[in-house]
Novice: 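Let me begin by handing over the structure; questions about it come next.
Throughout, a chain's letter reflects where its sequence line sits, starting with A, and its residues are numbered from 1. Quick caveat, the model's predicted, so the values are computed rather than measured.
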Amino acid sequence: MKHKDGSTDKYKDKHKEKRKEEKMKSLDGKIKKEKENGFASPPHVKSEPEDDFYHSPKHERSLKRERDVDDNDSEFKPKKIKTENEKKAKKRKQDEDIKSKKTKVKKGEVTDGKKKGKKEPEEKWKWWEEERYTDGSKWKFLEHKGPVFAPPYDPLPNQVKFYYDGKTMKLSPEAEEVATFFAKMLDHEYTTKDIFRKNFFKDWRKEMNSEEKAKITDLKKCNFAEMSEYFKAQSEARKAMSKAEKLKIKEENERLLQEYGFCIMDNHKERIANFRIEPPGLFRGRGDHPKMGMLKRRIRPKDIIVNCSKDSKHPEPPPGTKWKEVRHDNKVTWLVSWTENIQGSIKYIMLNPSSRIKGEKDWQKYETARRLKKCVDRIRSQYHEDWKSKEMRIRQRAVALYFIDKLALRAGNEKEEGETADTVGCCSLRVEHIKLYPEKDGQEYVVEFDFLGKDSIRYYNKVPVEKRVFKNLQLFMENKEPDDDLFDRLNTSILNKHLQELMDGLTAKVFRTYNASITLQQQLKQLTSADENIPAKILSYNRANRAVAILCNHQRAPPKTFEKSMQNLQTKIDAKRDQLSDAKRELKSAKADAKVRRDEKSKKAVETKKKAVERIEEQLMKLEVQATDREENKQIALGTSKLNYLDPRISVAWCKKWSIPIEKIYNKTQREKFAWAIDMADDDYEF
DNA sequence: AAGTTGACTTAGGACATAAAAT
DNA sequence: ATTTTATGTCCTAAGTCAACTT
């Protein structure tokens, strides 16, 4: 790679060695060094991330997190219901936990948790009013029942045949199972893709016995049609099941949830997010994935590492089996882990977003973003300055940071070629991903971005940039090939180290959180008008949400039935319009009538008609709003930003300010996740 | 300094269920 | 009561980032 300034080396090399198929086993049983997680530092010395770096001298922080940095934090006094970070906690015994769980946590689920859709009438635990661990531990007590394994393979009935080269062939159960994975996907376009077929066939052959292996040598000669039909029939049958049968399944699921779906962590019963082990199947990555079609193998107990406290009742492996390991690591939050065979990465069973452990982290994330708010001006002027730096690496860093800030790009770690789809983020942008236009569409210095980002979602954007940025980009691109890195002297690690120096806890992704949240707040301010009714206000909310989704490039495939449903809606609108003009006409004649007759009765009639017109107008308006909202939302996914980027306290405050029921903005799951925000934000909360 | 690994957050699509329309 | 459509849940892949290893 050639550099303008004559230097020779790069900080990254995108042609890396492939990762080994099976990663080396990692030091079993070794307890990881404590991680700086923001909960672990002694309060005053260093890094209570959300509040100590830029704290103003006049506000002395309480030792725990405050509720609102900007205003009266003085009145925020978490009760010390439970202060157990120190050794005393270690003494805590399991039976104490159980006991207190019974008192503090609901009775509902433990005792009568039947089909009741009604969940918890009992009062909720407000973990946000309690102290957090300051010693780096994530919990002191953890007990759970382990994972739920995928159901074992259920062989096909004998009449369902597989044909090879036109002739029927009975497969061994192992080979048959893998064949069924393929058969179930037959309708999918990707079973026609070369890579998918090649990967599948290769892995399938590994499951065959020697006879099968000798015979089945060409995927094209395989006929899965009967299997495919069988599964379609099965799913039809499932749909057609009687009420009672469906109810039975539902009850079984509920039973499983009650038994395995919860754990006890530090005195509280908490919901587990994913207690079911991922079933085997064919891997389908997103986008153009080199491993699509590979067999994702079945996970057995001996693959499983269980994490729980020593003094808990350990989960039992299924009869006749053993766990790979049981460990007691309270520096991590997971309950169960295993290594997945496609990428060799570790998968985890963790808690639900409503849990304390996830909630605290989420809250912390927004506090970090709010601290960025306080120093973002300084950081911005610094990177403006750095555009002029003599050092190439600093200019690159400054331009990249500008993109991350202005366009909410992701950091962009390097990836191993051939292991995953070819996608990029900011630091991994290549020359081929941008085009420079000194002038375009009447604007100067336009950069056109076109690349695939996370999940192979396309990012396409044309942005006018400062002249200096433009000139720098030209410089970075000089003498490079299209597939060379744009920022050849930069990577995420360099960038984040720099950010860390600018603000404690600052990393690239904080900019996304910050810009998303601040945008929501601004847009809400700008779009909400006091005199509008609730549906119109909600439209405004959705528009503000949408502005964020667009900024963050949260896309979705347009719903399959989009066009049709849009048409239907239009038909309704037209019908409503006709109805409106009819009503208006009637109103007019009623008025005329009243003018002539001048009696009470006809006056009444006018009133009635007027009411009708108003009602219809309102209905029409509602439909039109709905149409607009839906149209604007066609390819935009609001959920991701709502769940991951928008400080929920902004939304809560907005609801309180305009007397919008919170249910209009957050559904039940979301309200559970954001319970902390709902409880603590007032109508004047400011991000 | 680069590579590796582990833990955790963020992401879109498939599927199931509920609500609305007919 | 049945069908259609909207909404919510589940699933798990794909990122980020820091610590550890080489």
Side-chain angles (χ1 to χ4, degrees), chain A residues 9-13 16-17 19-20 23-27 30 32-37 117 138 188 235 238-239 246 249-250 253 273-279 281 283-287 289 291-292 296 307 329 331-334 337 339-340 342-348 350-353 357-358 361-362 365 410-416 419-421 423-428 453-457 491-497 499-500 505-510 512-513 552-557 559-562 564-565 568-569 572 626 630 637 639-641 643-645 666-670:
Chain A
D9 51 353
K10 319 183 19 156
Y11 287 98
K12 49 190 174 185
D13 175 4
K16 295 203 204 75
E17 250 189 298
R19 184 186 291 187
K20 307 219 179 71
K23 291 189 180 167
M24 292 217 307
K25 300 240 175 74
S26 68
L27 343 90
K30 182 183 168 194
K32 298 279 134 24
K33 246 302 219 11
E34 171 182 318
K35 195 163 164 180
E36 175 58 92
N37 64 5
K138 304 292 172 69
H188 247 111
S235 89
R238 217 171 314 120
K239 267 186 237 160
K246 282 183 180 168
I249 291 174
K250 210 175 157 189
N253 276 332
N274 55 326
F275 57 90
R276 286 171 209 271
I277 298 278
E278 299 172 17
F283 177 81
R284 173 55 172 129
R286 318 259 168 90
H289 197 116
K291 298 195 170 184
M292 67 171 82
K296 192 167 105 166
N307 193 32
D329 182 357
K331 301 291 191 283
V332 298
T333 68
W334 52 268
S337 74
T339 301
E340 155 270 342
I342 303 290
Q343 315 281 353
S345 63
I346 308 171
K347 301 260 184 159
Y348 304 94
M350 291 183 183
L351 298 194
N352 197 70
I357 210 149
K358 294 292 184 189
K361 201 74 186 301
D362 204 36
K365 172 182 76 186
R410 295 187 184 82
N413 286 311
E414 301 113 286
K415 310 166 70 188
E416 301 159 86
E419 295 293 294
T420 60
T423 62
V424 298
C426 185
C427 294
S428 50
K454 182 177 180 181
D455 295 321
S456 292
I457 296 292
N491 61 35
T492 53
S493 159
I494 295 169
L495 179 65
N496 279 333
K497 271 180 195 132
L499 293 176
Q500 195 59 234
L506 187 60
T507 62
K509 85 188 188 82
V510 178
R512 252 168 101 79
T513 311
C552 295
N553 199 228
H554 291 141
Q555 297 189 28
R556 62 167 184 178
K560 286 239 177 328
T561 57
F562 185 85
K564 206 178 100 205
S565 81
N568 289 165
L569 193 55
K572 272 196 215 165
Q626 197 187 349
R630 197 187 297 176
T640 303
S641 50
L643 241 44
N644 300 301
Y645 287 103
Y666 291 137
N667 67 30
K668 183 157 82 61
T669 312
Q670 294 166 159

Novice: Pick base, sugar-phosphate or nothing for A:Thr669, based on heavy-atom distances below 4.0 Å to the nucleic acid.
Specialist: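 Answer is sugar-phosphate: A:Thr669 comes under 4.0 Å of backbone atoms only.
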
Novice: Quick one: A:Ile346 CD1 to C:dC17 P, roughly how many Å, whole number?
Specialist: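 For the pair A:Ile346 CD1 and C:dC17 P, the rounded distance is 19 Å.
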
Novice: Can you label the angle between the A:His289 ring and the A:Phe283 ring as parallel, tilted or perpendicular, going by 30° and 60°?
Specialist: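 Rings of A:His289 and A:Phe283: perpendicular, as their planes differ by over 60°.
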
Novice: Once you round it to whole Å, what is the distance between P of C:dT12 and CZ of A:Phe275?
Specialist: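 After rounding, the reported distance stands at 13 Å.
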
Novice: Tell me whether the OP1 or OP2 atom of C:dA13 has a side-chain N or O from A:Lys347 closer than 4.0 Å.
Specialist: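 Yes, such a contact exists.
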
Novice: Which letter, B, S or -, goes with each nucleotide of nucleotides 9-14 of chain B from 5' to 3', with contact meaning a protein heavy atom under 4.0 Å?
Specialist: SBSBS-

Novice: Compute whether any side-chain donor of one residue and acceptor of the other, for A:Ser428 and A:Lys415, lie under 3.5 angstrom apart.
Specialist: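 Looking only at side-chain atoms, A:Lys415 and A:Ser428 do not form any donor-acceptor pair under 3.5 Å.
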
Novice: Is it true that a side-chain atom of A:Gln555 and a backbone atom of A:Ala637 form a donor plus acceptor pair closer than 3.5 Å?
Specialist: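 No: the side chain of A:Gln555 does not pair with the backbone of A:Ala637.
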
Novice: Nearest nucleotide by nearest heavy atom, which residue falls closer to the 5' end of DNA chain C, A:Gln670 or A:Val424?
Specialist: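 Nearer the 5' end of the strand: A:Gln670.
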
Novice: Report which part of the nucleic acid A:Lys239 touches: base, sugar-phosphate, or nothing (heavy-atom distance under 4.0 Å, all strands).
Specialist: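 The residue A:Lys239 makes no contact with any strand.
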
Novice: How is A:Tyr348 classified with respect to the nucleic acid when contacts are heavy atoms under 4.0 Å: base, sugar-phosphate, or nothing?
Specialist: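 Answer is base: heavy atoms of A:Tyr348 come under 4.0 Å of a base.
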
Novice: What does A:Ala421 touch in the nucleic acid at a heavy-atom separation under 4.0 angstrom: a base, only the sugar-phosphate, or nothing?
Specialist: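 Result for A:Ala421 = nothing.
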
Novice: Can a donor-acceptor pair be found, under 3.5 Å and without considering hydrogens, that links the side chain of A:Asn644 to the backbone of A:Thr640?
Specialist: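 Checking the backbone N and O of A:Thr640 against the side chain of A:Asn644, a donor-acceptor pair under 3.5 Å is found.
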
Novice: Given atom NZ of A:Lys331 and atom C1' of C:dC20, what is their separation to the nearest angstrom?
Specialist: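 Those two atoms, NZ and C1', are 17 Å apart.
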
Novice: Give A:Gly425 one of three labels, base, sugar-phosphate or nothing, depending on what nucleic acid heavy atoms sit under 4.0 Å from its own.
Specialist: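 Here A:Gly425 touches no strand at all.
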
Novice: What is the distance, to the nearest angstrom, from the CZ atom on A:Phe283 to the C1' atom on C:dA13?
Specialist: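 Taking CZ of A:Phe283 and C1' of C:dA13, I get 6 Å after rounding.
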
Novice: On the nucleotide B:dA16, are OP1 or OP2 found under 4.0 Å from the side-chain N or O atoms that A:Lys250 carries?
Specialist: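 False: A:Lys250 side-chain N/O out of range (4.0 Å or more) of B:dA16 OP1/OP2.
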
Novice: Counting side-chain heavy atoms from CB outward, which of B:dG6, C:dT12, C:dA18 is closest to A:Asn274?
Specialist: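 Among B:dG6, C:dT12, C:dA18, the one nearest the side chain of A:Asn274 is C:dT12.
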
Novice: Has A:Asn413 got a side-chain N or O lying under 4.0 Å from the OP1 or OP2 atom of C:dG15?
Specialist: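 No, no such contact exists.
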
Novice: What is the separation between atom CG on A:Asn496 and atom C1' on C:dC17, rounded to the nearest whole Å?
Specialist: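 About 7 Å, once rounded to whole Å.
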
Novice: What's A:Thr492 touching, base or sugar-phosphate or nothing? Going by heavy atoms closer than 4.0 Å.
Specialist: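 Contact class for A:Thr492: none.
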
Novice: Among all residues two or more places apart in sequence or in another chain, which pass the salt bridge (charged side-chain N to carboxylate O under 4.0 Å, His left out) test with A:Lys454?
Specialist: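 A:Lys454 satisfies salt bridge (charged side-chain N to carboxylate O under 4.0 Å, His left out) with no other residue.
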
Novice: Between A:Asn253 (CG) and B:dA16 (P), how many Å, whole number?
Specialist: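 Taking CG of A:Asn253 and P of B:dA16, I get 11 Å after rounding.
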
Novice: Among C:dT12, B:dC8, C:dC11, which nucleotide sits nearest the side chain of A:Trp334?
Specialist: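 So the side chain of A:Trp334 is nearest to B:dC8.
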
Novice: Side chain of A:Asn274, backbone of A:Met350: donor and acceptor closer than 3.5 Å?
Specialist: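 Checking the backbone N and O of A:Met350 against the side chain of A:Asn274, a donor-acceptor pair under 3.5 Å is found.
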
Novice: Using a 4.0 Å heavy-atom cut-off, does A:Gly453 contact any base of the nucleic acid, only the sugar-phosphate backbone, or nothing at all?
Specialist: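 Sugar-phosphate: the residue A:Gly453, judged by heavy atoms under 4.0 Å, touches backbone atoms but no base.
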
Novice: Send over the distance from A:Glu419 CD to C:dA14 P, rounded to a whole Å.
Specialist: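 Going from CD in A:Glu419 over to P in C:dA14 covers 12 Å.
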
Novice: On DNA chain C, compare the nucleotides closest to A:Val510 and A:Asn667; which residue's is nearer the 5' end?
Specialist: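 The answer here is A:Asn667.
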
Novice: If only side-chain N and O atoms of A:Thr333 are considered, is one of them under 4.0 Å from the OP1 or OP2 phosphate oxygen of B:dA7?
Specialist: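 So the side-chain polar atoms of A:Thr333 never come under 4.0 Å of the phosphate oxygens OP1 or OP2 of B:dA7.
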
Novice: Give the rounded distance in Å between these two atoms: CD1 of A:Ile277 and P of C:dC11.
Specialist: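 Rounded to whole Å, this separation is 12 Å.
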
Novice: Assess whether atom NZ of A:Lys250 is packed by more than 12 heavy atoms of other residues, nucleotides or ligands within 6.0 Å.
Specialist: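 No, NZ of A:Lys250 has 12 or fewer neighbouring heavy atoms, counting only those of other groups under 6.0 Å.
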
Novice: Taking A:Thr669's backbone N and O only, do any of them form a donor-acceptor pair with A:Asn667's side chain (distance below 3.5 Å, no angle check)?
Specialist: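 Answer holds: yes.
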
Novice: Side-chain N or O of A:Thr420 less than 4.0 angstrom from OP1 or OP2 on C:dA14?
Specialist: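 It does not, given that no N or O in the side chain of A:Thr420 lies less than 4.0 Å from OP1 or OP2 of C:dA14.
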
Novice: How long is the gap from CG on A:Leu495 to CD on A:Gln500, to the nearest 0.5 Å?
Specialist: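 Nearest 0.5 Å value for the CG-CD distance: 11.5 Å.
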
Novice: Report which part of the nucleic acid A:Pro279 touches: base, sugar-phosphate, or nothing (heavy-atom distance under 4.0 Å, all strands).
Specialist: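 It contacts sugar-phosphate atoms only.
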
